[in-house]
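A note on names: the letters A, B, ... follow the listed sequences, proteins ahead of strands, and every chain is numbered from 1.
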Protein chains: 2
Amino acid sequence: MTFQEKLQRAQQLTRSCVCVGLDPVPGRLPQPFQGEQSVDGVRRFCEAIIQTTRSVACAYKPNLAFFESLGPDGLRVLADVVAAIPEDRIILADAKRGDIGNTAEMYARAFFETLSCDACTVTPYMGRDAVLPFLNYPGKAVFVLTRTSNPGAADFQDLVTDSKPLYLHVAEQASAWASDRPGTVGFVVGATDLDTLASMRRQFPDTPFLIPGVGAQGGDPVQVMQAVHAPQGLVLVNSSRKILYASSGSDFAEAAFYEADTLRKALNKKG
Amino acid sequence: MTFQEKLQRAQQLTRSCVCVGLDPVPGRLPQPFQGEQSVDGVRRFCEAIIQTTRSVACAYKPNLAFFESLGPDGLRVLADVVAAIPEDRIILADAKRGDIGNTAEMYARAFFETLSCDACTVTPYMGRDAVLPFLNYPGKAVFVLTRTSNPGAADFQDLVTDSKPLYLHVAEQASAWASDRPGTVGFVVGATDLDTLASMRRQFPDTPFLIPGVGAQGGDPVQVMQAVHAPQGLVLVNSSRKILYASSGSDFAEAAFYEADTLRKALNKKG
């Protein structure tokens, strides 16, 4: 099964293109987890979030930074959290790695074999050496950062060479590298710039987009889906903090479900 | 003590600007470590390399990919390895992270607080949000990828906007971000393009350079030092595989010392 087929099935099953970002911060865990050891609290919190949102989320995106910051136990917690995600959902390691050949191979092995993730994010600054090693895993995919949703994105991604911004050079090159391995490359394109999102979709109609920037960052889900108007298997819309921290009380799970389901419904609206 | 002062002292102490890159691959460990559990072998191998090279190396650069690929135990091994590095040497986490605000803060905490490293590498694609959080730690530094030494480096780093390649935009911006925190930003500049190295040094005479690409990648140490002709505290020349895997036999430690010391002497030659 290709990555895109697995994504399509997960989206059919859940009628959702919501990806829940797992960015657990020990100090922000809801009340029921306060007073626990950080690592236990993070593990149990993430497991509870997965349990409550699984019917309305097609994918989960653990952000590795938040697990690594827990120290050596963090990666063990990450492995437990990944194991709690249903097998028929997409698991996306948000790692934003970008390193050369033999190092990229190590990362690919860590994410796809050791952790059994379906996809991961990579940063393209170092060029093809940073991306190609991830394309050797059948059924897996890599999401290359193109135009991100953060304030500093414009610093370099919008620099224009030969009438094209850097992010478009990145997207074109990454597509070319994967030309003989269709479906193995996706793009990260932020929800905060709808014009860019729409023009990227016009130019890459068959490429899966991972779209951060709705929720806490302010992108509008209905407008996002109008910009990318995509059939199943081509769009993952991520929300992290707005779902995870929907309530700081003992009703955190219900509140997280409500936020995820509200996003799901907004994304499914015909604009 | 600033990062640069610590680097200067380490270089005076060892009369060396050699940085030993720690990229341990279980399958490539010398004969004495074969047949051990991977994690134990990697730990003992790295400790032996540090022990044998400490008199001729001012810095160690563990590459996180190689530890992460060992699974959850990998970060525990990394913590042990970091603890084996003498306190008066530089510890540089080669992580090439690049993520936005709150995630970058997590990484900064992981490397500078949890692991007690002196510096780390970052990739600049996401812009200022990916770099600024690392500049809030007195005595620590961040090395921003500018022009790297790998074959794919030219894919994007050499794209020219307003008569300047991307890597120069990155270097100028990163310097500007650190203008009120001198000494907290360094650049990664590959040894494989001597002209770029020399022109970068002319433009940034006071910025520490981390220079990969000698050793297995073929850059010539004498020519590198002619290109950067720098006083102490401004150059770290990294070699990884050529030192680590100098011999696959029981003489691996002597062979590693010989390679590191040979590189040290070549770098100290007046060209």
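Of the residues considered (B:Met126, B:Glu113, B:Lys96), B:Met126 shows the highest number of contacts with chain A, using heavy-atom pairs under 4.5 Å. Put simply, of B:Val160, B:Leu70, B:Asp23, B:Val25, the one with the most heavy-atom pairs under 4.5 Å next to chain A is B:Val160. The candidate from B:Ala79, B:Ser149, B:Ala130, B:Pro124 with the greatest count of non-hydrogen atom pairs under 4.5 Å with chain A is B:Pro124. For the set A:Val170, A:Leu115, A:Thr121, the count of heavy-atom pairs under 4.5 angstrom toward chain B peaks at A:Val170. Between chain A and the residues B:Ala153, B:Pro151, B:Ala108, the most heavy-atom pairs under 4.5 angstrom are made by B:Pro151. Comparing A:Ala104, A:Gly74, A:Ala65, A:Gly98 by heavy-atom pairs within less than 4.5 Å of chain B, the highest count is held by A:Ala65. Ranked by heavy-atom pairs shorter than 4.5 Å toward chain B, the options A:Asp155, A:Ile100, A:Leu78, A:Thr123 are led by A:Asp155. Here A:Thr161 is the residue among A:Leu75, A:Thr161, A:Leu166 with the most heavy-atom pairs under 4.5 Å with chain B.
For B:Tyr167, the parts sitting under 4.5 Å from any heavy atom of chain A are the backbone and the side chain alike. If you measure heavy-atom distances from A:Ala154 to chain B, you find no contacts under 4.5 Å at all. Residue A:Glu68 touches chain B through both its backbone and its side chain, counting heavy-atom pairs closer than 4.5 Å. In this structure, the portion of A:Arg97 lying under 4.5 Å from any heavy atom of chain B is its side chain and not its backbone. When heavy atoms are compared at a cutoff of 4.5 Å, A:Asn63 approaches chain B solely by way of its side chain, counted from C-beta outward. Only the side chain of A:Thr114 comes within less than 4.5 Å of a heavy atom of chain B; its backbone N, CA, C and O stay farther away. The contact between B:Leu64 and chain A is made by backbone and side chain atoms together, counting heavy-atom distances below 4.5 Å. Neither the backbone nor the side chain of A:Val131 has a heavy atom closer than 4.5 Å to any heavy atom of chain B. Interface remark: B:Ala95 contributes backbone atoms only to the contact with chain A (heavy atom separation under 4.5 Å).
Ring pair A:Phe209/A:Phe187 is tilted by interplanar angle, where 30° to 60° counts as tilted. Aromatic ring pairs are classed by plane angle as parallel below 30°, tilted from 30° to 60° and perpendicular above 60°; the pair B:Phe33 and B:Phe45 is perpendicular.
Side-chain atoms of B:Asn150 and A:Arg128 include no donor-acceptor pair closer than 3.5 Å.
In this structure, CG on B:Leu145 lies 7.0 Å from CD on B:Gln157, to the nearest 0.5 angstrom.
Tested against A:Phe67, the residues A:Val77, A:Val82, A:Val39 include a single side chain to side chain contact (heavy atoms under 4.5 Å, CB included) partner, A:Val77.
Within 6.0 Å of atom CZ in B:Arg181, more than 12 heavy atoms from other residues, nucleotides or ligands are found, so the atom counts as buried in its surroundings.
Side-chain N or O atoms of B:Lys140 include none that pairs as donor or acceptor with a backbone N or O of B:Phe134 at under 3.5 Å.
Residues A:His169 and B:Leu159 come closest through the heavy atom pair CG-CD1, 3.7 Å. Smallest separation of non-hydrogen atoms from A:Ser240 and A:Lys61: OG-NZ, 4.5 Å.
B:Val224 has its side chain within reach of B:Leu194: a pair of non-hydrogen atoms, C-beta onward, lies under 4.5 Å apart. B:Phe143 has its side chain out of reach of B:Asp94: every pair of non-hydrogen atoms, C-beta onward, lies at least 4.5 Å apart.
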